[in-house]
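Beneath this line is the structure, given in structure tokens, with notes to follow.
FYI, side chains are in, hydrogens and waters are out, and symmetry mates aren't considered; it's all heavy atoms of this structure. The structure displayed is predicted, hence computed values, not measured ones.
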Amino acid sequence: MHEIEALLGEYDRARAYTDDLWRDLTPDEVTWRPHENSSAIGWHLGHQAHVAHFMIRNLTAAEPSPDPELDGLMDSANPEQFRGALPTVRRLTDFRTTVAERVHARMGDIAAGRVGAPTQLTIVATHLLTALINHEYQHDQWISEVRGNDLGHALPPDPDCAHVRRIDGYLVVDGL
């Protein structure tokens with residue numbers, strides 16, 4: 001159960017790093033796309049949350065989407081040229097916050113044994129959280145490229161944690 005709690009801390013660390021990458025940007029910078037076949041920072045922000053919700057929903061708890069209208073737009077199966085009509089930054093922020101709260105609630109229930117098949121779901125939860133963290137960092141790399149290369153903003157330092165390192169240029173949580 002402690003592993004789930006530690007991974008939730010790493011999930012929060014990854015989300016905080018994401019926030020460091022975009023919170024100081026203007027709404028125009030968050031929704032700007034370098035070209036038609038690329039995704040805006042805002043799309044990545046919504047996609048990170050969409051995947052977290054999708055994974056939690058389908059692997060541990062069948063619950064409705066917190067914002068069903070965003071599901072199709074934030075799905076990576078949606079070709080990049082159709083990712084331009086983004087919601088407001090406020091709506092993306094609310095979506096991310098709600099999904100993170102749901103991740104914490106569901107993982108907390110699993111860690112506390114308040115689920116059917118608690119031992120099996122604990123194994124699922126640890127792998128699921130690791131995948132969600134690494135997915136967050138995967139998209140952080142792409143957000144970083146637009147932020148730094150295209151928008152000309154400095155990048156924040158990498159998270160300072162013994163369990164987070166770079167592999168193939170991407171941050172990953174490893175060895176927790």
Side-chain angles (χ1 to χ4, degrees), residues 4-34 38-78 80 82-111 125 127-148 150-151 153 155-159 161 164 170-173:
I4 291 174
E5 292 168 9
L7 284 165
L8 282 170
E10 291 303 323
Y11 175 67
D12 291 342
R13 183 188 320 275
R15 291 186 71 252
Y17 181 73
T18 303
D19 286 346
D20 287 345
L21 289 169
W22 76 272
R23 289 270 184 183
D24 64 335
L25 301 177
T26 67
D28 286 342
E29 289 174 316
V30 172
T31 58
W32 177 78
R33 295 167 63 186
S38 66
S39 301
I41 288 171
W43 182 85
H44 291 284
L45 297 172
H47 174 74
Q48 288 165 317
H50 169 73
V51 168
H53 166 70
F54 182 82
M55 298 292 285
I56 293 294
R57 177 190 77 195
N58 286 299
L59 298 177
T60 69
E63 65 176 34
S65 174
D67 194 334
E69 292 177 15
L70 295 182
D71 289 347
L73 176 63
M74 298 304 169
D75 192 324
S76 60
N78 188 20
E80 287 177 323
F82 301 119
R83 298 178 186 174
L86 294 175
T88 64
V89 171
R90 180 81 229 150
R91 187 171 172 193
L92 286 171
T93 302
D94 291 347
F95 182 60
R96 287 178 59 80
T97 299
T98 300
V99 169
E101 289 168 353
R102 289 182 176 188
V103 168
H104 271 272
R106 185 59 178 166
M107 294 299 113
D109 286 346
I110 292 170
H127 292 285
L128 173 58
L129 279 169
T130 301
L132 291 181
I133 294 161
N134 289 334
H135 180 257
E136 186 85 12
Y137 283 137
Q138 176 187 23
H139 285 271
D140 286 350
Q141 179 60 32
W142 299 329
I143 292 170
S144 295
E145 291 169 6
V146 172
R147 176 189 173 89
D150 297 311
L151 298 174
H153 292 286
L155 297 176
D158 288 352
C161 176
V164 176
Y170 293 86
L171 290 169
V172 295
V173 66

Angle class for the Trp142/Tyr170 ring planes (parallel below 30°, perpendicular above 60°, tilted otherwise)? perpendicular
Does Gly148 offer a backbone N or O that forms a donor-acceptor pair with the side chain of His153 under 3.5 Å? no
Tell me if a side-chain donor or acceptor on Arg96 pairs with a main-chain N or O of Leu45 at a distance below 3.5 Å. yes
List the residues meeting side chain to side chain donor-acceptor pair (under 3.5 Å) with Asn134, not counting sequence neighbours, and say none if there are none. none
Return the minimal non-hydrogen interatomic distance between Pro87 and Met74, and the atom names on each side. CD-CE, 4.0 Å
How many angstroms lie between atom CD of Gln138 and atom CG of Leu171, to the nearest 0.5 angstrom? 11.5 Å
Write down the atom of Leu92, the atom of Gly42, and the distance for their closest heavy-atom approach. CD1-O, 3.5 Å
Non-hydrogen atoms of Leu155 and Ser144 that approach each other most closely: CD2-O, 3.6 Å
Short side-chain to backbone donor-acceptor contact, Arg147 and Leu25, under 3.5 Å: no
Atom pair CG (Asp28) and CG (Leu151), whose distance is rounded to the nearest 0.5 Å: 10.5 Å
Does some side-chain heavy atom of Val146 sit less than 4.5 Å from a side-chain heavy atom of Arg33? no
List the atom of His139, the atom of Gln48, and the distance in Å for their closest heavy-atom pair. CB-NE2, 3.5 Å
State which residues pass side chain to side chain donor-acceptor pair (under 3.5 Å) with Trp32; sequence neighbours excluded, sorted by chain then number. none
Using 0.5 Å steps for rounding, measure from the CD1 atom of Ile133 to the CG atom of Leu8. 8.0 Å
Would you name the heavy atoms of Ala100 and Tyr11 that are closest together and state the gap between them? CA-OH, 3.7 Å
Side chain Arg83, main chain Ala40, donor-acceptor under 3.5 Å: no
Could you measure the distance from the NE2 atom of His50 to the CG atom of Asp67? Nearest 0.5 Å is fine. 11.5 Å
When you check the gap from the basic side-chain N to the acidic O, do Asp19 and Arg15 get nearer than 4.0 Å? no
Separation of Asp12 CG from His104 NE2 (nearest 0.5 Å): 3.5 Å
Main chain of Thr60, side chain of Arg106: is a donor-acceptor contact present, judged purely on distance under 3.5 Å? yes
Trace of the side-chain contact (heavy atoms from CB on, under 4.5 Å) decision for Val172 with Thr130: CA-CA 9 Å; Val172 295; Thr130 301; over 6 Å; no
Rounded to the nearest 0.5 Å, what separates atom CG in Leu7 from atom CG in Leu132? 10.0 Å
Can you name the closest pair of heavy atoms from Tyr17 and Asp158 and give their distance? OH-OD1, 3.7 Å
Below 4.5 Å, heavy atoms only, C-beta onward: do Trp43 and Leu86 meet side chain to side chain? yes
So, using ring pair (Phe, Tyr, Trp, His ring centres under 6.0 Å) as the criterion, who are the partners of His53 when residues are at least two apart? none
If only atom types and distance count, is the side chain of Trp22 paired as donor or acceptor with the main-chain N or O of Glu29 below 3.5 Å? no
